[in-house]
There are 2 protein chains.
Amino acid sequence: MTIDHLDARLIALLAAEPRLGVLECSRRLGVARGTVQARLDRMAARGVITGYGPDVDPAALGYVVTAFVTLQIRQISGHVPVADQLAAIPEVLEVHTITGGDDMHCRVVARSNADLQRVIDLIVEVHGVVRTSSVIALDTPVPYRVLPLVADAPRQAKG
Amino acid sequence: MTIDHLDARLIALLAAEPRLGVLECSRRLGVARGTVQARLDRMAARGVITGYGPDVDPAALGYVVTAFVTLQIRQISGHVPVADQLAAIPEVLEVHTITGGDDMHCRVVARSNADLQRVIDLIVEVHGVVRTSSVIALDTPVPYRVLPLVADAPRQAKG
DNA sequence: TTGTTTAGTGGACAACATGCGCAATCGGCC
DNA sequence: GGCCGATTGCGCATGTTGTCCACTAAACAA
C-alpha cells in the first residue's frame with residue numbers, strides 16, 4: 001500500500017521535468033526502460049498517480065483572488081445536492097465536508113474582490129445553504145505540493 | 001491576459017487524455033500541428049500552464065486523513081519564518097496567509113487520526129505559532145479541478 | 001535443497017512522434 | 001492596397017514508443 005524509493009525518485013524526476021519520456025527517465029535513474037514503464041503502470045493501476053494533466057494557474061487566467069468559504073447547510077436536505085449545485089459554479093475549485101461547527105469548506109477563486117462577492121452570492125443562492133463565512137487568501141507561502149510527502153513515504157514504510 | 005476557445009479545448013483534451021502527443025491533439029482538434037505547439041508554448045510562456053507533473057494521490061500513499069489547520073502566529077516574528085518551518089513538514093501540503101481572526105490556513109494530511117495528532121504537534125512546535133484550530137475533511141464531493149474555470153474563461157473574455 | 005514466482009535486465013523490431021525549417025495562405029487592421 | 005501575426009501543409013532526420021523475447025537475480029514455500 002506504499003511506494004518504493006525508486007518510485008519516489010521517478011515521481012520526483014517527472015515532477016521536475018515532466019516532458020521527459022520513459023527512455024530518458026530510465027537513463028537518468030540508471031535502470032532499464034521496462035522497469036520504468038512497469039513502475040509507472042503499477043502506480044497508475046494502484047491509483048498513486050491519477051494523471052498527468054496540465055497544471056493550470058487560475059491567476060494567469062485572471063482569477064487572481066483566492067478565498068476559502070465555509071458553509072452551514074440545512075441538515076435535512078443532506079450535503080449531496082448542495083455539493084452538486086456548488087460543483088456547477090466554475091469558480092468553486094474544491095469542496096469538502098468537514099467536522100466542527102460548520103459543514104462544508106470550499107476553495108473559490110474570483111477576478112477581483114468585487115467579483116468574489118458575485119461568486120459568494122452564487123453560493124448563498126444554493127438551495128440548502130444557510131450561512132457562509134469567507135476568508136481571503138492574501139499570500140501562498142507554500143503552494144500545493146506532494147513531493148516532500150512522496151520523498152518521505154518510502155522511509156515511513158521501512159521504519 | 002486570458003485564453004482562447006481553442007486554448008480551452010486543448011487544455012480540456014490534455015486533461016482528459018494527458019498521454020496524448022502534440023500530433024494527436026492537432027488531429028482531434030482539427031488544426032495544424034504547429035498551431036497546437038504554438039498554443040502550448042504560448043500558454044506555458046504566459047504561465048497559464050505551469051507544468052505537466054504527475055498528479056499524486058496522497059490517499060493512495062496511505063495518507064488517508066486530510067485536515068485543515070488554521071493558525072494564529074506571534075505577529076512580531078512575521079509570517080515568513082513560520083511558513084518556512086511549516087514547509088519543512090512533508091505532511092503540510094499547502095499554506096496560505098489569510099484575512100480574518102486567524103493568520104494562516106494549512107492543508108495537512110496524515111496516515112490516521114492518531115497520526116494527525118502527531119502532525120498537529122509538529123505544527124504547534126513551530127516557533128511563532130500561538131494557537132491552532134483543526135477541522136478534518138470527512139468527504140470531498142468536489143475534488144480540486146480547474147476545467148470548468150478553463151471552459152468559462154473564453155466566455156468571460158468575450159462577454 | 002529444489003521448485004516457483006516476481007522483478008529486473010538487455011536487446012531487437014516496426015511504427016510513430018518530435019523538433020525543425022520553409023513557403024503559402026488567411027484574417028484583421030491602418 | 002499593403003502590412004502583420006497566426007495558421008497551414010509539407011518534408012526531413014532523429015529519437016521514442018509499444019511490444020515482443022530470453023536471461024538473471026532474489027524471495028519464498030514445500
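The sequence lines fix the lettering, A, B, ..., with proteins before strands; numbering per chain opens at 1.
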Exercise. In whole angstroms, how far is the P atom of dA7(C) from the CG atom of Asp4(A)?
Worked result: 11 Å

Problem set entry | Nearest-Å distance for atom pair CG/P, residues Asp7(A) and dA7(C) | 12 Å

Exercise. Do Gln72(A) and Asp102(A) have side-chain atoms, one donor and one acceptor, less than 3.5 Å apart?
Worked result: yes

Exercise. Between the side chain of Ser112(B) and the main-chain N/O of Asp115(B), is any donor-acceptor distance below 3.5 Å?
Worked result: yes

For this session: Write down the distance between CG (Asp41(B)) and C1' (dT7(D)), rounded to a whole number of angstrom.
Result: 14 Å

Exercise. Can you check whether Arg19(A) has a side-chain N or O nearer than 4.0 Å to OP1 or OP2 of dT18(C)?
Worked result: no

Exercise. Rounded to the nearest 0.5 Å, how far apart are CZ of Arg46(A) and CG of Asp7(A)?
Worked result: 7.0 Å

Exercise. Reading nucleotides 15-20 of chain D from the 5' end, what letters show protein touch, with B for base, S for backbone sugar-phosphate only, - for no heavy atom under 4.0 Å?
Worked result: -SBBB-

Problem set entry | Rounded to 10 degrees, the angle between the two terminal axes of the helix from dT1(C)-dA30(D) to dC30(C)-dG1(D), each from five pairs | 40°

Exercise. Just by modelled atom types, is the Thr50(A) backbone N or O under 3.5 Å from a matching donor or acceptor in the Asp55(B) side chain?
Worked result: no

Exercise. When you measure from the side chain of Arg145(A) to the backbone N and O of Val92(B), does any donor-acceptor pair fall under 3.5 Å?
Worked result: yes

Problem set entry | Euclidean distance, atom CZ of residue Arg42(B) to atom P of dG5(D) [Å, nearest integer] | 14 Å

For this session: Using whole Å, report how far CG of Leu29(A) lies from C1' of dT9(C).
Result: 15 Å

Exercise. Do His96(A) and His79(A) make the cut of ring centroids closer than 6.0 angstrom?
Worked result: no

For this session: Could you tell me whether the side chains of Asp121(A) and Gln117(A) share a donor-acceptor contact shorter than 3.5 Å?
Result: yes

Problem set entry | cation_pi(Arg111(A), Tyr63(A)) dist<6.0 Å, angle<=45 | yes

Exercise. Quick one: is dT9(C) close enough that its OP1 or OP2 comes under 4.0 Å of any side-chain N or O from Thr35(A)?
Worked result: yes

